[in-house]
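On a predicted model such as this, the values are computed, not experimentally measured, just so you know. Values below: every heavy atom of this structure, side chains too, minus hydrogens, waters and symmetry copies. Whatever order the structure lists them in is the order used to number ligands and atoms, beginning at 1.
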Amino acid sequence: MTVDLVLKDLKAYIDGAVQECCIAVENGTVHKVGKEAQMPKADTVLSLNGLLVLPGLIDVHVHLRDEGKAYKEDFYTGTAAAAAGGFTTVLDMPNNTPVTMSVETLENRMANARGKILVNVGFYSEFPKDPREIEKIIAGGAVAFKLYLGEQVGGLNIDDDHALKYAFKTVASRVPIAVHAEDKNMLKRMEEELKGKGRNDIEAFLEAHSERAEASAVRRLVKIAEKTSAKVHFCHISTKQGLEIIHKAKEKGLALTCEVTPHHLFLSVDDLKRVGTVALTAPPLRDKSHVDFLWKSLKNGLIDVVGSDHAPHTLAEKSAASVWEVKVGIPGLETTLPLMLTAVNSGALSLGDVVRMLAENPARVFKLKGRGAIKEGGKADFVAVDMGEEYCIDASKFHSKAKFSPFNGKRVKGKPVKTFVAGQLVVDRGEIVAEAGCGKIILGEG
Ligand code: DOR
Ligand code: ZN
Ligand code: ZN
């Protein structure tokens, strides 16, 4: 038999170890992993000159925007950023214009994305006003639901615990429910108070988006999760308190998972003060004691997923005169893997940690079949990295429309060099080499 592609002269992370091997790809899936002599004939044989091949990364927390927010990012630029950053699958958040919270908005978004995407994309939905719509949204292929507790985004009244419980019971364990855990009422109360005092500075933003606001929302959601059989995924946990509540609930046997972002791991409030509003995000960067706790938890295996929370905005939106008007969020797709590989090179993380939190666990938690590991019969989604390449992050070269980063100028070691989606080379040394539309839309199997 003749397969589509054989990759040779490489090392690959397979079953918890790095091994020298070749990979044969047929029809978008891994046909065989083995020695060169075991490889079938192939239409194309590509030497990777010793690069390290990892499973294609999965980012479960991405704001691709497009539609009414296409001026910030669109399906092409967002997925180009993903591919350049080593991600072969991303899950798209629903706080769009219009908000994704019905079968119609979901289907429109899929139709819009289809011809533009360079990597695989699954879609979140916010909760609809009418809970009877939940069923239809799951049937429509949403991969997960997203619940914003920091502000009212979807149709479900976030102040109403009964409505939340009802919605969670309806979803049950069919698809995960990802939560932005900040307590809206605490945020608003503090924000009004601070605005009343004429406060308009970064410190004031930090006071409003307090550690307590995160802990309060996490505590509330754990209680709701306890009374339902929902699988709650906590997005971008930034505080020691938040993590501790989640750890305790997990120990009690609740089906919870949690995520941290690279910006909460690699930056602290000191960087926010140094860089300014470009680094403003919600939840905000925290002081070093929280950062240390995130790292400790991560090393202890208590963090399930690293998600970039890629949240592109224009530079004008990031530099509004009033801190309350600044759009919060950081583009992260093109910095996440270089930062994580730098941590591997310095010994702060193992390669296994990176693969676990950026491929294996995302695939398991969000039920993305055939993804997250290199194995025969699985998807041929890979990123080939050069662990030895040192360079400085240059946000002006991002494929994202958001050409800024709090990591701009930072020296890193470890670079994504080639990204393959379903066996097709999509990015080669930073250059997009595939046609728009080569990514697939992933439907949830709830
Ligand atoms: O920093 C953030 N950016 N936090 C959010 O909750 C929303 C996100 C965005 O969409 O920009
Ligand atoms: Zn969020
Ligand atoms: Zn987000």
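Contact analysis leaves Glu73 out of contact with ligand 1, as no non-hydrogen atom separation drops below 4.0 angstrom. Assignment of Glu182 to the shell around ligand 1 is not supported, since no heavy atom sits closer than 4.0 Å.
When Arg65, His61, Met93 are ranked by how near their heavy atoms come to atom 11 (O) of ligand 1, first place goes to Arg65.
Side-chain contact check for Asp304 and His233: no donor-acceptor pair (N or O, by modelled atom type) lies under 3.5 Å.
In terms of polar-atom proximity, defined here as any N/O pair under 3.5 Å, Asn95 does make such a contact with ligand 1. Residue Tyr148 has no nitrogen or oxygen atom sitting less than 3.5 Å from a nitrogen or oxygen atom of ligand 1, judged on distance alone. Not one N or O of Ala311 is nearer than 3.5 Å to an N or O of ligand 1, by distance alone.
In this structure, the ring of Phe145 has its center less than 6.0 angstrom from the ring center of Phe127. Residues Phe205 and His209 place their aromatic rings such that the two centres sit under 6.0 Å apart.
Close contacts between ligand 1 and Thr281 involve ligand atoms 1 (O) [criterion: under 4.0 Å to a heavy atom]. Against a heavy-atom cut-off of under 4.0 Å, His313 is close to the following atoms of ligand 1: 11 (O).
Taking backbone and side chain together, His63 holds an N, O or S atom under 2.8 Å from the Zn ion (ligand 3).
Here the CD1-OG1 distance, from Ile137 to Thr105, works out to 6.5 Å after rounding to the nearest 0.5 Å. Between the NZ atom in Lys129 and the CE atom in Met101 there is a gap of 9.0 Å [rounded to 0.5 Å]. Atom-to-atom distance recorded for Asn108:CG and Glu104:CD is 8.0 Å, nearest 0.5 angstrom.
For a distance threshold of 2.8 Å, the protein N, O or S atoms nearer than that to the Zn ion (ligand 2), listed by chain and number, are His180 ND1, His236 NE2.
In this pair, His63 and His61 present their aromatic rings tilted. The plane angle is within the 30 to 60° band.
The two residues Lys367 and Lys231 make their nearest non-hydrogen contact at CE-NZ, 3.9 Å. The nearest pair of heavy atoms linking Thr79 to Ile117 is OG1-CA, 3.6 Å.
Just one of Arg286, Glu182, His264 meets the side chain to side chain donor-acceptor pair (under 3.5 Å) condition when paired with Ser238; it is Arg286.
For the pair Lys240 and Phe293, the distance from NZ or CZ to the six-membered ring centre is under 6.0 Å and the angle to the ring normal is within 45 degrees.
The nearest protein atom to atom 4 (N) of ligand 1, hydrogens excluded, is given as Ala282 O, 2.9 Å; this is a heavy-atom distance. For atom 3 (N) of ligand 1, the closest non-hydrogen atom of the protein is Val328 O, 3.0 Å.
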